Engineer: 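Structure incoming, see below.
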Amino acid sequence: MAEPSATAAGDGVDWAALQQQATEAMRLAYAPYSRFPVGVAGLVDDGRVVVGCNVENAAYGVGLCAECGMVSQLHLTGGGRLVAVACVNGEGEALMPCGRCRQLLWENGGPECLLMTPAGVQSMREVLPQAFGAESLRH
């Protein structure tokens with residue numbers, strides 16, 4: 001994994017702290033079926049950090065991704081836009097969000113939102129090219 005850092009990325013984000021908060025959230029995940037805990041932390045444009053963890057269900061399709069919990073906390077605590085997001089696996093390593101979750105990040109952070117990926121920090125524009133968003137509904 002490429003180790004992200006504020007100085008390497010040049011974006012002013014404390015990636016180590018964000019990754020640590022995602023790791024703490026991951027430790028609270030409920031993943032008895034897959035045994036694949038996931039945690040996520042997002043920096044909001046007002047400086048808050050919101051977190052989430054995956055919550056599985058015996059009816060597999062009803063499970064919630066960590067990003068769902070984070071986005072819910074984003075809106076529950078005042079809204080805003082995601083600026084930077086770190087998603088981690090059970091080892092605390094960078095994890096690429098699934099397609100559904102990338103769409104959630106696009107909706108709540110937009111194309112300039114930064115994502116810590118296994119290959120380093122990338123913008124959502126890079127992670128989800130040609131994304132479907134609110135502007136797509138106007139056409």
Side-chain angles (χ1 to χ4, degrees):
M1 173 181 96
E3 290 297 322
S5 70
T7 54
D11 53 32
V13 174
D14 186 346
W15 288 103
L18 206 56
Q19 185 174 10
Q20 179 59 39
Q21 289 178 291
T23 300
E24 290 170 13
M26 173 273 298
R27 291 188 181 117
L28 299 172
Y30 178 71
Y33 308 108
S34 71
R35 305 222 189 295
F36 193 82
V38 176
V40 66
L43 177 63
V44 184
D45 56 4
D46 65 4
R48 283 178 296 134
V49 173
V50 290
V51 298
C53 63
N54 59 325
V55 178
E56 295 181 347
N57 190 290
Y60 295 147
V62 183
L64 299 173
C65 296
E67 294 85 349
C68 291
M70 178 188 67
V71 166
S72 182
Q73 189 181 67
L74 169 70
H75 292 281
L76 181 68
T77 61
R81 301 292 288 167
L82 294 169
V83 173
V85 175
C87 183
V88 301
N89 63 19
E91 305 300 316
E93 301 165 335
L95 178 67
M96 183 59 86
C98 71
R100 176 178 182 258
C101 291
R102 292 180 201 191
Q103 185 66 39
L104 285 171
L105 297 178
W106 182 277
E107 180 78 16
N108 292 278
E112 303 309 317
C113 178
L114 300 176
L115 178 64
M116 182 179 75
T117 78
V121 175
Q122 296 181 313
S123 71
M124 285 305 300
R125 183 184 321 280
E126 296 169 288
V127 172
L128 192 61
Q130 300 183 47
F132 184 88
E135 68 285 347
S136 301
L137 297 173
R138 291 190 267 274
H139 295 286

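Only this structure's heavy atoms are used, side chains among them; waters, hydrogens and symmetry mates stay out. Since we're looking at a predicted model, the values are computed, not measured.
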Engineer: Go through the steps to decide whether Gln20 and Thr23 satisfy the test side-chain hydrogen bond (donor to acceptor under 3.5 Å, both in side chains), and finish with yes or no.
Structural biologist: CA-CA 5 Å; Gln20 179 59 39; Thr23 300; 5.1 Å; no

Engineer: Holding to side chain to side chain contact (heavy atoms under 4.5 Å, CB included), I want the full list of residues that pass it with Ala41, two or more places apart in sequence or in another chain.
Structural biologist: Leu18, Gln21, Ala22, Val49, Val51

Engineer: Look only at the side chain of Gln103 and the backbone of Phe132, and say whether a donor-acceptor pair between them is shorter than 3.5 Å.
Structural biologist: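 Side chain of Gln103 to backbone of Phe132: a pair is present.
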
Engineer: Whether the side chain of Asn89 engages the backbone of Gly92 through a donor-acceptor N/O pair (distance < 3.5 Å, no angle test) should be reported.
Structural biologist: yes

Engineer: Begin from the C-alpha positions of Asn54 and Cys65 and carry the test side chain to side chain contact (heavy atoms under 4.5 Å, CB included) through to its verdict.
Structural biologist: CA-CA 5 Å; Asn54 59 325; Cys65 296; 5.6 Å; no

Engineer: Among residues at least two apart in sequence or on other chains, which ones pass side chain to side chain contact (heavy atoms under 4.5 Å, CB included) with Ala134?
Structural biologist: none

Engineer: Name all pairs fulfilling the salt bridge (charged side-chain N to carboxylate O under 4.0 Å, His left out) condition that reach into residues 41-67, sequence neighbours left out, sorted by first residue then second.
Structural biologist: Asp46-Arg48

Engineer: Determine which pairs satisfy salt bridge (charged side-chain N to carboxylate O under 4.0 Å, His left out) with at least one residue from residues 105-120, sequence neighbours left out, and list them in order.
Structural biologist: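 Qualifying pairs, neighbours excluded: Glu112-Arg125.
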
Engineer: Answer with yes or no whether the hydrophobic clustering places Leu128 together with Leu114; edges join I, L, V, M, F, W, Y residues whose side-chain heavy atoms lie under 4.5 Å apart.
Structural biologist: no

Engineer: Say you draw a straight line from SG of Cys87 to CG of Leu105; how long is it, rounded to the nearest 0.5 Å?
Structural biologist: 8.0 Å

Engineer: Is it possible for you to say whether Tyr60 and Val55 belong to one hydrophobic cluster, with membership spreading through side-chain heavy-atom contacts below 4.5 Å?
Structural biologist: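 Linked, Tyr60 and Val55 end up in one cluster.
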
Engineer: If you apply the rule side chain to side chain contact (heavy atoms under 4.5 Å, CB included), what do you find for His75 with Asn108, and how did you get there?
Structural biologist: CA-CA 10 Å; His75 292 281; Asn108 292 278; 2.7 Å; yes

Engineer: Nearest heavy-atom pair of Cys113 and Ala84: which atoms, and what distance?
Structural biologist: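 Heavy atoms only, the tightest pair is SG-N, 4.1 Å.
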
Engineer: Which residues pass the side chain to side chain contact (heavy atoms under 4.5 Å, CB included) test with Val127, not counting sequence neighbours?
Structural biologist: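 Side chain to side chain contact (heavy atoms under 4.5 Å, CB included) check on Val127 returns Met96, Arg102, Leu115, Thr117, Gln122, Met124.
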
Engineer: May I ask whether Trp106 and Leu95 are part of the same hydrophobic cluster, defined by side-chain heavy atoms of I, L, V, M, F, W, Y residues being less than 4.5 angstrom apart, directly or through others?
Structural biologist: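 They do not share one cluster, since no chain of ILVMFWY contacts under 4.5 Å joins Trp106 to Leu95.
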
Engineer: Between Val88 and Leu43, is there a shared hydrophobic cluster once you connect ILVMFWY residues whose side-chain heavy atoms come closer than 4.5 Å?
Structural biologist: yes

Engineer: Roughly how far, to the nearest 0.5 Å, is OH of Tyr30 from CG of Leu64?
Structural biologist: 12.0 Å

Engineer: Check Gly52 against Ala25 and note the closest heavy-atom contact, atom names and distance.
Structural biologist: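 In this case the closest contact between Gly52 and Ala25 is O-CB, 3.5 Å.
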
Engineer: Evaluate Met116 against Val13 for side chain to side chain contact (heavy atoms under 4.5 Å, CB included), listing each step before the verdict.
Structural biologist: CA-CA 11 Å; Met116 182 179 75; Val13 174; over 6 Å; no

Engineer: My understanding is that only residues two or more places apart in sequence, or in another chain, count here; which of them pass side chain to side chain contact (heavy atoms under 4.5 Å, CB included) with Arg138?
Structural biologist: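 Expected list: Glu135.
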
Engineer: Does the side chain of Leu82 come within less than 4.5 Å of Val50's, by heavy atoms?
Structural biologist: yes

